[in-house]
Amino acid sequence: MTEVSSLTGRLLVATPALADPNFDRAVVLLLDHDEEGSLGVVLNRPTPVGVGDILLPWADLAGEPGVVFQGGPVSLDSALGVAVIPGDEGPLGWRRVHGAIGLVDLETPPELLASALGSLRIFAGYSGWGPGQLEEELSDGAWYVVESEPGDVSAPDPERLWRSVLRRQRSELAMVATYPDDPTLN
């Protein structure tokens, strides 16, 4: 079996050619990537459901917009918390994924994390790939892989995240940000 180079903490940015409607113009933060598969959350799919409607104790800590995001098409009845916590040490109930980005144990009392949180976002469901599946999609050109920034987790205008992530790239990817929503109307 080929060795898998970990992409944990990086972003998958859907190419305009990606045909899966679940990932149309999606920006996925990879929370785990190894030879057993990959798991991530879509950062730019807000739902109309408020965090307080499903996780009231976490509502005051969730960043704006204070809604649940659809993390992907898998296990929509489960919730994941992703938070940015600056500094070297994270509090009890938070596990570092990459840099200042980490996963929140939503069973932890929120007051244990409140003073340390830089930002928090709640996701319903996740995006998952089995062993080798993501690598195949990458070789098919379905995704651009780029570095994440802590602010991506709590982007105040998630609907514009796809374009803004592409625009900040220092390569020809920056031009992809201008790709029209419907190229047939161009």
Side-chain angles (χ1 to χ4, degrees), residues 4-13 22-23 26-131 134 145-162 164-165 168:
V4 173
S5 176
S6 181
L7 299 176
T8 299
R10 302 200 54 203
L11 297 177
L12 298 177
V13 181
N22 289 307
F23 296 109
V27 177
V28 178
L29 173 65
L30 282 175
L31 301 171
D32 192 24
H33 176 253
D34 58 27
E35 64 280 344
E36 295 178 19
S38 304
L39 179 135
V41 289
V42 178
L43 297 176
N44 58 336
R45 295 282 192 275
T47 72
V49 178
V51 172
D53 294 340
I54 61 164
L55 290 170
L56 185 59
W58 292 98
D60 289 340
L61 299 176
E64 288 299 319
V67 298
V68 175
F69 282 65
Q70 184 174 336
V74 182
S75 293
L76 291 172
D77 58 344
S78 65
L80 283 171
V82 177
V84 174
I85 296 186
D88 295 332
E89 295 288 322
L92 185 66
W94 180 79
R95 180 178 63 86
R96 185 177 314 280
V97 170
H98 178 77
I101 301 168
L103 285 168
V104 172
D105 177 356
L106 296 173
E107 299 295 319
T108 301
E111 55 273 8
L112 293 180
L113 291 154
S115 65
L117 281 179
S119 65
L120 170 69
R121 197 140 275 168
I122 304 295
F123 297 89
Y126 63 91
S127 303
W129 294 264
L134 179 57
V145 179
V146 301
E147 294 298 324
S148 65
E149 294 181 1
D152 295 334
V153 171
S154 58
D157 192 0
E159 288 86 359
R160 291 188 162 164
L161 188 61
W162 185 84
S164 65
V165 167
R168 75 178 183 228

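The first residue in the sequence is number 1, and the count goes up from there.
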Chemist: Among V97, L11, L12, find the one that has a side chain to side chain contact (heavy atoms under 4.5 Å, CB included) with L29.
Modeler: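 Exactly one pass, corresponding to L11.
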Chemist: I85 and E89: which non-hydrogen atoms are nearest, and at how many Å?
Modeler: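 Minimum heavy-atom separation between I85 and E89: CG2-O, 4.5 Å.
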Chemist: Let's go through W129 and L30 carefully: what are the C-alpha distance in whole Å and the side-chain angles of both, what is the deciding distance for side-chain contact (heavy atoms from CB on, under 4.5 Å) to 0.1 Å, and is it a yes or a no?
Modeler: CA-CA 11 Å; W129 294 264; L30 282 175; 4.0 Å; yes
Chemist: Can you give me the closest heavy-atom contact between P46 and P158, atom names plus distance?
Modeler: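 Nearest pair, atom of P46 first, then P158: CG-CG, 4.0 Å.
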Chemist: Minimum heavy-atom separation for P131 to E35, with atom names?
Modeler: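 Closest pair (atom of P131, atom of E35, distance): CB-O, 3.4 Å.
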Chemist: State whether the side chain of S119 and the backbone N or O of S154 hold a donor-acceptor pair below 3.5 Å, judged by distance alone.
Modeler: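 The answer is no, because no donor-acceptor pair under 3.5 Å joins these two groups.
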Chemist: Given side chains that start at C-beta, do those of L7 and V145 come closer than 4.5 Å, heavy atoms only?
Modeler: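 Of all side-chain heavy-atom pairs linking V145 with L7, at least one is under 4.5 Å.
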Chemist: Pair D105, W94 - check side-chain contact (heavy atoms from CB on, under 4.5 Å), show working.
Modeler: CA-CA 6 Å; D105 177 356; W94 180 79; over 6 Å; no
Chemist: Evaluate whether atom CG of D60 has more than 12 neighbouring non-hydrogen atoms of other residues, nucleotides or ligands under 6.0 angstrom away.
Modeler: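 Count not over threshold, so no.
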Chemist: Atom CG in L120, atom CG in L106: separation rounded to 0.5 Å?
Modeler: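 It comes to 7.5 Å.
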Chemist: Just to verify, which of V41, V104, L43 counts as forming a side chain to side chain contact (heavy atoms under 4.5 Å, CB included) with V82?
Modeler: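 The option that passes is V41.
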Chemist: Is the backbone N or O of V27 less than 3.5 Å from a side-chain atom of N44, with the two atoms forming a donor-acceptor pair by type?
Modeler: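 A pair under 3.5 Å: yes.
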Chemist: Checking the side chain of S127 only, and the main-chain atoms of G71 only, is there a donor and an acceptor separated by less than 3.5 Å?
Modeler: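 Side chain of S127 to backbone of G71, a donor-acceptor pair under 3.5 Å: yes, one is there.
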Chemist: Rounded to the nearest 0.5 Å, how far does CG of L31 lie from CZ of R10?
Modeler: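 Rounded to the nearest 0.5 Å, the CZ-CG separation comes out at 14.5 Å.
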Chemist: What are the two closest non-hydrogen atoms of L80 and G125, and how far apart are they?
Modeler: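 In terms of heavy atoms, the two residues are closest at CD1-O, 4.2 Å.
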Chemist: Is the backbone N or O of A155 less than 3.5 Å from a side-chain atom of R121, with the two atoms forming a donor-acceptor pair by type?
Modeler: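 Side chain of R121 to backbone of A155, a donor-acceptor pair under 3.5 Å: yes, one is there.
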Chemist: Have a look at V84 and tell me which of V153, L117, D152 forms a side chain to side chain contact (heavy atoms under 4.5 Å, CB included) with it.
Modeler: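 Result for side chain to side chain contact (heavy atoms under 4.5 Å, CB included) with V84: V153.
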Chemist: Drop me the distance from E147's CD to H98's NE2, to the nearest 0.5 angstrom.
Modeler: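 That separation rounds to 6.0 Å.
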Chemist: Ignoring hydrogens, what is the shortest heavy-atom contact between R96 and G90? Give both atom names and the distance.
Modeler: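 For R96 versus G90, the nearest heavy atoms are NH2-N, 4.2 Å.
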Chemist: Atom CD1 in I101, atom OG in S148: separation rounded to 0.5 Å?
Modeler: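 I101 atom CD1 to S148 atom OG measures 4.0 Å (nearest 0.5 Å).
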Chemist: Any side-chain to backbone donor/acceptor pair from T47 onto V68? Under 3.5 Å, distance only.
Modeler: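 Side chain of T47 to backbone of V68: a pair is present.
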Chemist: Looking at I122 and G81, what are the two nearest heavy atoms and their distance?
Modeler: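 Nearest heavy atoms, I122 then G81: CD1-CA, 4.1 Å.
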Chemist: Are the side chain of T8 and the backbone of H33 linked by a donor-acceptor contact shorter than 3.5 Å?
Modeler: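 The answer is yes, because a donor-acceptor pair under 3.5 Å joins these two groups.
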